[in-house]
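Read the structure below first, then the notes.
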Amino acid sequence: MLKSLFVTCLLGTAVLSAMASEDGSVTFTYANDDFTSWGKSKSEIYDVAIRIDDPALVGKKITGIRALLNAYEGLESTSLWLSKELTLEKAGNVKVTVPDIYSSEAAIEKIDIPGVDHSVGQLSVALDTPYVLTDEGVYVGYSLTVPTVENGVSLTDGQKSPVLLSPSENAQSLYVRASKDFLKWLPYNDRLGCAAAIYVSLEGELAEYSVGIKELSNAKVTVDRDFTVKAKLANVGGASFSSLGFTYTIAGNTHEGNLEFATPVAPNLSGEISVDLPIEKVTELGDFDLDVTINKVNGQSNDNILASASCVVSVLPFVPVHRPLVEEFTGTWCGWCPRGYVALELLAEEYGDGIVLAAYHDSDPMQADDFPLDPDSFGFPSAILNRGDVEDPYLGKGTKGFGMKNDVKASLEESVLADIQVKAWWDDEEKTKIGVSATSTFLEDKENAGYKVGFLLISNGLSGKEASWTQSNYFAGNVSAYGGTDLEVLTTWPGKVRGLVFNDVVVATDGFMGVEGSVPEDVVYNEPYTTLFSYDIAANSIVQDKNMLYVAAFILNPDGTVLNANKTHVEGSNAIVAIVSDAAEVSAEYYGIDGSRVKMPKDGVFVKIIRMSDGSIRAEKILR
């Protein structure tokens with residue numbers, strides 16, 4: 001069923017609400033109601049654009065364009081335009097954008113927007129002849145000039161940052177060109193994470209129910225287990241929906257699926273939603289095409305040209321869980337190091353056992369006997385993610401905000417070709433010796449792989465009353481610089497912080513550089529390799545509570561970077577705690593206490609490493 005709609009878009013409302021209208025118009029925008037300004041603080045020409053190329057909108061007519069600016073005066077040569085390509089041509093001493101479809105001068109109108117603390121400018125134009133959208137797509141944009149000011153006169157704030165932007169993740173929501181800063185048009189959403197405040201009036205009928213698949217992600221899944229595939233959907237129909245019916249084909253079998261939404265999904269011509277599509281298990285190993293079609297919306301037929309999509313599903317004996325390793329370098333004497341303390345605490349709260357954290361202390365009571373790196377080779381605080389480049393433990397590779405969180409998130413989303421499982425146990429009644437077993441398994445055959453397994457002994461809950469345990473804090477009282485950020489809490493602490501509890505502290509660096517021979521030179525697909533390791537903490541003066549000890553294990557690439565990592569709590573005396581599951585035992589290997597592999601244990605103490613059908617590893621200590 002088709003019907004004419006008028007979709008209102010309150011300035012900045014990304015979710016469009018549909019209402020009946022006689023003129024049958026809709027508004028397309030990537031913007032929402034959270035605005036910010038941007039510019040290069042120069043007298044120059046700015047060109048700003050968005051792109052529309054959704055096949056579901058082909059045939060609709062562009063009847064008007066509107067753009068919001070950060071200034072309502074002090075700008076010249078303002079125009080709105082449409083173009084198939086973003087083309088620059090020489091005009092005198094500068095290059096200007098030459099639209100190939102439509103261009104019109106537009107005067108700036110002063111308007112007020114709720115939530116914005118100053119008046120802004122608005123450009124608007126109604127096309128005499130509507131433009132019909134084609135499958136080639138179209139750029140919609142505006143141009144303006146910040147004029148040269150007289151000597152002794154400064155640009156206004158609006159002239160310095162004339163472009164009004166709104167947060168967006170859509171890659172097509174922002175293209176910019178500034179005549180003195182950019183020699184060509186650049187896609188800029190990936191740099192600013194924003195959309196241009198451009199609004200396009202469209203005319204035409206919308207299907208009542210129209211949901212398209214904008215993206216269907218490839219997936220790696222475990223054999224013989226139900227799984228989900230991530231999809232990005234767009235509701236470009238005229239009505240909200242609360243249920244979707246879909247069919248899918250994989251490994252020669254066709255199935256039906258259904259998704260229910262607790263909150264109805266409203267129409268949004270430029271937005272998308274992320275969902276997990278439930279898929280039934282595949283019982284064979286290999287790569288399979290998955291073909292998905294959304295055929296029902298609220299029980300009605302789905303009228304969308306992009307209702308179908310495909311991806312590749314790799315069915316594996318197990319799927320490695322990627323756990324990044326974040327290593328921080330710090331010291332209680334370092335006044336800027338509390339930002340690293342906060343960063344690690346926030347990362348632990350956010351990701352839990354999904355990441356491995358390790359803090360190396362230098363020249364304070366928590367320094368391990370062998371500090372693994374030259375302290376003069378980097379500043380304090382600093383950090384390395386997966387043994388990559390040195391970066392800030394809070395800022396990451398950025399210059400503001402909690403950049404390390406973004407870096408860790410990006411690392412978590414990377415797939416890896418190896419899994420590592422680790423177990424640790426007390427090897428004597430006095431709890432002075434720790435036995436460790438790490439099992440690495442690879443999803444590839446590789447000759448001369450050059451992998452090694454490394455280890456770290458880590459403790460939580462360390463504290464002390466002596467002056468050397470007092471943490472220096474340069475953030476004390478500096479609310480003006482750090483208020484409203486994750487570091488604001490540090491401004492409430494004194495300049496010398498006593499009684500602080502330190503977590504994720506490396507208390508022994510044995511195994512830091514990896515154990516030679518821990519992984520064979522030639523690795524075989526789905527073949528588990530077990531490395532035994534040990535720690536003797538009888539003389540370790542840093543350890544305070546033996547119940548707070550953990551062992552981290554990680555796979556090192558030939559270049560020294562970390563492929564994958566994991567950690568475990570040191571468990572009860574003379575036992576390795578097994579993972580409880582319904583999986584069956586697939587294979588078993590036996591190792592002597594010296595780490596050598598034996599065919600079958602006879603007399604003595606041995607470790608039995610068990611490979612389970614679900615890909616997990618169990619370990620048992622046996623006495624013969």
Side-chain angles (χ1 to χ4, degrees), residues 36 38 165 167-169 171 188-194 321-331 334-362 372-416 454 456 458 471-475 478 481-491 493 502-506 512 552 554-557 559-567:
T36 187
W38 176 84
L165 301 176
S168 172
E169 295 181 357
Y188 229 61
N189 174 268
D190 60 341
R191 305 189 190 193
L192 298 181
C194 289
V321 176
H322 188 199
R323 300 178 182 87
L325 173 63
V326 179
E327 295 170 286
E328 181 214 16
F329 303 93
T330 185
C334 167
W336 294 117
C337 286
R339 71 171 178 263
Y341 179 95
V342 168
L344 263 61
E345 291 294 318
L346 290 174
L347 289 173
E349 180 180 343
E350 178 77 15
Y351 298 113
D353 291 336
I355 61 174
V356 179
L357 303 173
Y360 302 87
H361 281 252
D362 174 55
L373 298 174
D374 178 9
D376 295 331
S377 64
F378 49 85
F380 284 79
S382 60
I384 48 177
L385 173 59
N386 294 324
R387 298 277 170 95
D389 296 331
V390 175
E391 52 188 297
D392 188 273
Y394 178 78
L395 299 172
K397 295 180 179 178
T399 57
K400 61 180 181 179
F402 195 4
M404 179 59 81
K405 180 180 177 180
N406 298 330
D407 295 344
V408 169
K409 181 181 179 182
S411 181
L412 282 164
E413 293 172 351
E414 296 174 355
S415 60
V416 291
L456 292 171
I458 297 170
Q471 177 66 58
S472 180
N473 176 32
Y474 292 163
F475 296 85
N478 199 351
Y482 302 102
T485 73
D486 295 306
L487 302 181
E488 183 174 5
V489 63
L490 298 178
T491 68
W493 294 2
F502 297 88
N503 295 318
D504 305 304
V505 177
V506 175
F512 171 86
F554 43 92
I555 301 172
L556 289 168
N557 291 307
D559 63 359
T561 59
V562 171
L563 176 61
N564 206 353
N566 205 343
K567 75 173 183 179

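Basis for what follows: all heavy atoms, side chains included, without hydrogens, waters or symmetry-related copies.
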For residues 396-407, tabulate all N or O donor-acceptor pairs below 3.5 Å that involve a side-chain atom, not counting sequence neighbours.
{"unit_1": "Asp407", "atom_1": "OD2", "unit_2": "Lys397", "atom_2": "N", "d": "3.3"}

**Asked** Is it true that the side chains of Ser411 and Asn386 contain a donor and an acceptor less than 3.5 Å apart?
**Response** yes

**Prompt:** Between Leu456 and Ala358, what is the shortest heavy-atom contact and its length?
**Reply:** CD1-CB, 4.0 Å

**Request:** Using a 4.5 Å cut-off on heavy atoms from C-beta on, say whether the side chain of Ser382 contacts that of Glu391.
**Result:** no

**Asked** Knowing that exactly one of Val562, Asn564, Ile355 qualifies, which makes a side-chain contact (heavy atoms from CB on, under 4.5 Å) with Arg323?
**Response** Asn564

**Prompt:** Regarding Glu169 and Asn189, is there a side-chain donor-to-acceptor distance under 3.5 Å anywhere?
**Reply:** no

**Message:** For a 4.5 angstrom cut-off between non-hydrogen side-chain atoms, does Leu490 reach Tyr482?
**Reply:** no

**Any Val356 side-chain heavy atom under 4.5 Å of Phe554 side chain** = no

**Fill in**
Taken to the nearest 0.5 Å, the spacing of Leu344 CG from Phe502 CZ works out to 12.0 Å

**Message:** Counting C-beta onward and ignoring hydrogens, is there a side-chain heavy-atom pair between Leu347 and Val408 closer than 4.5 Å?
**Reply:** yes

**Prompt:** Between atom CZ of Arg339 and atom SG of Cys334, what is the distance when rounded to the nearest 0.5 Å?
**Reply:** 7.5 Å

**Request:** Please examine the side chains of Trp38 and Cys194, heavy atoms only from C-beta on, and report whether any two atoms are closer than 4.5 Å.
**Result:** no

**Item:** Closest contact, heavy atoms only, Gly484 versus Glu488
**Value:** N-OE1, 2.9 Å

**Prompt:** Taking side chain as C-beta onward, heavy atoms only, is Val342 less than 4.5 Å from Leu487?
**Reply:** yes

**Prompt:** CD of Glu414 to CG of Leu563: how many Å apart, nearest 0.5 Å?
**Reply:** 10.5 Å

**Request:** Identify the heavy atoms of Glu328 and Pro393 that sit nearest to each other, and give their distance.
**Result:** CG-CB, 4.1 Å

**Message:** Can you confirm whether Phe475 sits close enough to Trp493 that some side-chain heavy atom of one is under 4.5 Å from a side-chain heavy atom of the other?
**Reply:** no

**Fill in**
Rounding to 0.5 Å, atoms CG (Leu325) and NZ (Lys567) come to a distance of 10.5 Å

**Prompt:** Is there a donor in the side chain of Glu327 and an acceptor in the side chain of Tyr360, or the other way round, less than 3.5 Å apart?
**Reply:** yes

**Item:** Approximate separation, where rounding is to 0.5 Å, of Glu349 CD and Glu345 CD
**Value:** 9.0 Å

**Asked** Of the non-hydrogen atoms in Arg387 and Gly560, which two are nearest, and what is the gap between them?
**Response** CB-O, 3.2 Å

**Asked** Going from OG on Ser472 to CH2 on Trp336, what distance comes out if it is rounded to the nearest 0.5 angstrom?
**Response** 10.0 Å

**Request:** Apply side-chain contact (heavy atoms from CB on, under 4.5 Å) to the pair Asp389 and Ile384, showing each step before the final yes or no.
**Result:** CA-CA 6 Å; Asp389 296 331; Ile384 48 177; over 6 Å; no

**Greater than 12 external heavy atoms within 6.0 Å of Asn478's CG** = yes

